[in-house]
Every structure is written in C-alpha cells, then in structure tokens.
**Q** 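This is the structure, below, for whatever I ask next.
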Amino acid sequence: MKQGLFTIVSNELLAPSVYRMVLEGDTSGFTTPGQFADISIPGLYLRRPISLCDMDDKTMTFIYKVVGTGTDAMSNMTAGQQLDVLTGLGNGYDLSRSGDKPVLIGGGVGVPPMYYLAKQLIKAGKEVTVILGFNNASEIFYAKEFEEIGAKVYVTTVDGSVGTKGFVIDVLKTLDYSFFYTCGPMPMFRAIEAVATTDGQYSFEQRMGCGFGACMGCSMETKNGPKRVCKEGPVMDREEIIW
Amino acid sequence: MVDTRVNLSGWELDNPIIPASGTFGYGYEFAEIYDINCLGTFSFKGTTKDPRFGNPTPRIAECPNGIINSVGLQNPGVEAVISKELPKLAKVFDKKVIANVSGFSIDEYVHTVSRLSSQDQIGIFEVNISCPNVHNGGMALGTSCESAAAVTAAVKKATDKPVYIKLSPNVTDIASIAKACEDAGADGICLINTLMGMRINLKTGKPVVANKMGGFSGPAVFPVAVRMIYQVYDKVKVPIIGCGGVSTAADVLEMMMAGATAVQVGAANLINPYACRDIVEALPAEMAKYGITKLTDIIGGAH
C-alpha cells in the first residue's frame, strides 16, 4: 500500500453511467492486476475503492459506474484536480496459475480489472481469451481495446443486440481453456461456478470501511476461515469459496 | 522541548496517542507502513473467548463526518490471540499493549481476561461492556450501574493488571455508570464507544447495513465524547481514556482538557492509515501553540 497525491488527467463518459478516469502520479504501489485503489473524495468521510483497469509508470486508469454518492461525485471531477489515493491495495490475480490458454470473464463493471490482467498475461506469452458480458449494445465498453492488445474477444448481451445472445457462460461452455479469471456480479459468479471446468479465481466486491485490513468491515467466510475482501481478497481461489 | 508523557495506573506512555480497538487490528497491518513504536500504545481488536466471524455483510455505512460499523466483534478468539497474534505483534511493537476484551456473560469476560493476564505484552485491560453490535451481551452489561459493577468486580478478581472499563454512550447517565465501575474496583474508565446509528438506502428502501443498526463514530461524535468525558471526570478519580472522533492533535488537547489522561483515535485510522503517526508528530507543535510544556498539566483543565 502506498498513499499519494494524483492529478486527474481525464475523466470521460464511456457508456451510460460508466466513466473512465486517468490519474497521474506515483503508481509504484501497485504490484499485480486485480488490486484496487481507495480514493478520498472531498466532502465524503470514507474512501471509495475502485479496481485498477490499467497502469504504466506514471498513470493509472479506473473505470467506474455511478452507483451512489461517491461515484457520482467522482463523475463530476475534472482534469487538473488532485486526489489523495491509496494504491496497491488487496491481493490481486495470481498470474502463475494461468496455464497457456486462460480465459478472462468480465461482467459489466467487472470488465475493467480484466484489462490490465489481459495485458500482463499476453506479455507473458499466454493465449488470452476474454468474455465480456453486458445487458445491451449501449452498455458495451472496451471490446475494441481488448482486441487491440491481442486478446480473442467474445461479447455477450442479454438482449442479443451485439455478439452472443445470453450470458457469459453461453460462450464459456463452448471454450477450451486452462484457467479462468473473473470479476462481476454474484449471479454471474454462480453461473460460472456451475459450468467451469478448470481452477479459477474470482474477484469479490464488498462495502469497505478502510480498504486495507484494519476495520474488518468487508470480511467473508471461506473454506480457509474468515478473509477480508480488502486484504486477503478481493481475489479468491475457486477452491476456497463457500457458495 | 515539551513533555508528552502520561501515566495510566503506573504505566508511563511516551505520549497519550492510542489507536482505538477495532480500527488497528493487532497492529501489524499498520507496522507495514510506519514504525508503530511511535505510539503511546494501542488497544487491540476486541477479543472474545471463542472465535467470531461477526455480523453479516454489508456492515459499513458512510455518514456525514463519520462511519457506521456493525462488524460485531470479529476476532480469532483468545487462544489464537495468545498463540498467533501476540507473537506476531512482538516482532513489530516493543511496548506493552492494551488488551480489549468482550464477552456475552460475566464468565466469558473472566475467562478471556484470565487467559490473557499472564501475557507480559499486555499493559492494561480494557473491558468492553459497550459493543452495540452484538445481542445478549456487550452493551447490555454496560447500560446499568449494577451490571457494569458486577463485570468490573468479577474481572478485577481475575487479574493483577489494571482494569479499565470501556463505556457506552447509549445511556442516560454515563457518569453514574462510571462511578459504579470505580466503586467496584475499576482502575480507569474508557469512553466513549460508538453511538447507535442507522442509515437507509433510498434506492432499496432498506437499512444500509445487514444488521440494520450499527455503531456510529468519527469526527461527528467528538463533541458528544468531550461532553461525556467532562461529566465523568467530575464523578470519578481514576484516569479516563478519552475516545470518540479524535482526528487531530488539537482534538487530543481538547479531550485532555475535558478530563482525559490519554486519548484513543479510532475512525481516523480508517480514512488515513497514518493518522496516529501524524497526530503524534503534530502534538509537540500543537502544545507549543498554547504554551503547554507538560501535557499532564492540562488534564481536566476545563473544569
């Protein structure tokens, strides 16, 4: 974990209620895809945890959906504004478990953390397949960006307006893969759990107090005892999850 | 040079800054980011006889200038604290620590205190009879003079170490309860625990936290804490550890003027992991600003 001041480079609308914010500053706190940042928002008491979507030495990208007062305030921020951010929080995805042909499954705002993960796996020479699940055409973001870095991309929409009609598992069931990584809503996790044929890792979401393991606000029960989503998580191994 | 030392029942602290129980784990998470030996001491995560997961999630809610938590005393149980947490803490913290203990019956308090009493790492006990997040125990014992006194007397028999009782603000007359604890043998009083609070999500129309209600803390409760410490100081002679909404060195001085000998910092740790270190570092300059050279001189000064 590192605390730092970051400057907003851009903050733009990507899809209805979904924004992309790019911040500039010392990004060295992050060590692995799947980690998150905890952003202090002027006027609000608690920080807001947001998953890392992409980063390089100087910038980091976050994609967030406006769901409450915190993300609403974020959506109104403009370039040049400074933010106090804790970086490198949580236990991210374990790249060493990927095998040669990992599949990455993102549902809605679970899509962003898959991007930096895909980038790192492709860099490591893996054959990466990505399944992106959305409700309809208007919600889709980052399909092109995943293609540009060399991932094989499948899009699913519930209404069938783009890609495969249905859910991410309708594609997953047809694929041959070595390991899966996923982030998204619980119903999607349960569906994946029912059909997945390999080991995998799920990234969980929970309302957090601190974001760094102090308050025990975000705990969940696992087969290995209670774990803090912010500290031992957000990424959990398939084999330790109690459904 | 200013003198920031304070004394809790014969235990001298370098400064009065104490991270509050439940906001600092067993210390080592914070030791990863700064040397926690700069602290006066800290109060470890509320420990019970048996391991506890706590309440269902979500158990956190944002509030104006504060936070509601309904964690519900998640902890690994006293045996794991002795075998795992304290040895781990010893590697990063050279000072003695405050053992915060909780229970669901007087027997449980006595059991946990007895088990911890032989641990050299523990300076004093902080007996939490004020957790608002567990049913049939915790706060129920802290809301009447008789039951508070009964817990105090029982725990005092179980240990030779000083026993401080942590009180709930969710009562009509906190000073009388403090006095009952003192009369029953308490070596000190710690106040305040969190205020009962609630938030409702307008979209779902339901309470934000799964347990419906939780404990409200943060800067918003600071004036309530100062007032209650002031009232308790009038009633008891034993030292008071002040707690509730402290975020700055100025808050520390204010709380001490109300009557606190030492001061706990809780919610502030959750939004700024360096909060306690920052307050320790800022304290001498803040004292100098008001011409304070010896911190103990201001205890209860507002009376």
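What you see is a predicted model; the values in this text were computed from it and never measured. Worth knowing before you read on, the calculation uses all heavy atoms, side chains too, and leaves out hydrogens, waters and symmetry mates.
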**Q** With a 4.5 Å cut-off on heavy-atom pairs, point out which of A/Gly225, A/Ala214, A/Gly211, A/Gly43 contacts chain B the most.
**A** A/Ala214
**Q** Does a sphere of radius 6.0 Å around CZ in B/Phe53 hold more than 12 heavy atoms from other residues, nucleotides or ligands, not counting ones at 6.0 Å or beyond?
**A** yes
**Q** Using 0.5 Å steps for rounding, measure from the SG atom of A/Cys210 to the CD1 atom of B/Ile60.
**A** 8.0 Å
**Q** Considering only heavy-atom distances, could you tabulate the donor-acceptor pairs under 3.5 Å between chain A and chain B?
**A**
unit_1, atom_1, unit_2, atom_2, d
A/Tyr45, N, B/Glu62, OE2, 2.6
A/Leu46, N, B/Glu62, OE1, 2.9
A/Arg47, NE, B/Ile271, O, 2.6
A/Arg47, NH2, B/Ile271, O, 3.1
A/Arg48, NH1, B/Glu62, OE1, 2.9
A/Arg48, NH2, B/Glu62, OE1, 3.4
A/Val67, O, B/Lys203, NZ, 2.8
A/Gln206, NE2, B/Thr57, OG1, 2.9
A/Met216, O, B/Arg59, NE, 3.2
A/Met216, O, B/Arg59, NH2, 2.9
A/Gly217, O, B/Arg59, NE, 3.3
A/Ser219, OG, B/Arg59, NH2, 3.0
A/Ser219, OG, B/Gln74, OE1, 2.5
A/Ser219, OG, B/Gln74, NE2, 3.3
A/Arg228, NH1, B/Glu29, OE2, 2.5
A/Arg228, NH2, B/Glu29, OE2, 3.2
A/Lys231, NZ, B/Glu32, OE1, 3.4

**Q** Quick check on B/Ala61 against chain A: is it the side chain, the backbone, both or neither that has a heavy atom closer than 4.5 Å?
**A** backbone
**Q** Does any backbone or side-chain atom of B/Ile33 lie under 4.5 Å from a heavy atom of chain A? Answer side chain, backbone, both or neither.
**A** side chain
**Q** Can you tell which part of A/Leu86 gets under 4.5 Å to a heavy atom of chain B, answering side chain, backbone, both or neither?
**A** side chain
**Q** With a sphere of 6.0 Å drawn around CD1 of A/Ile242, does it hold more than 12 non-hydrogen atoms of other residues, nucleotides or ligands?
**A** yes
**Q** Counting heavy-atom pairs under 4.5 Å with chain B, which one of A/Gly70, A/Pro226, A/Cys215 comes out on top?
**A** A/Cys215
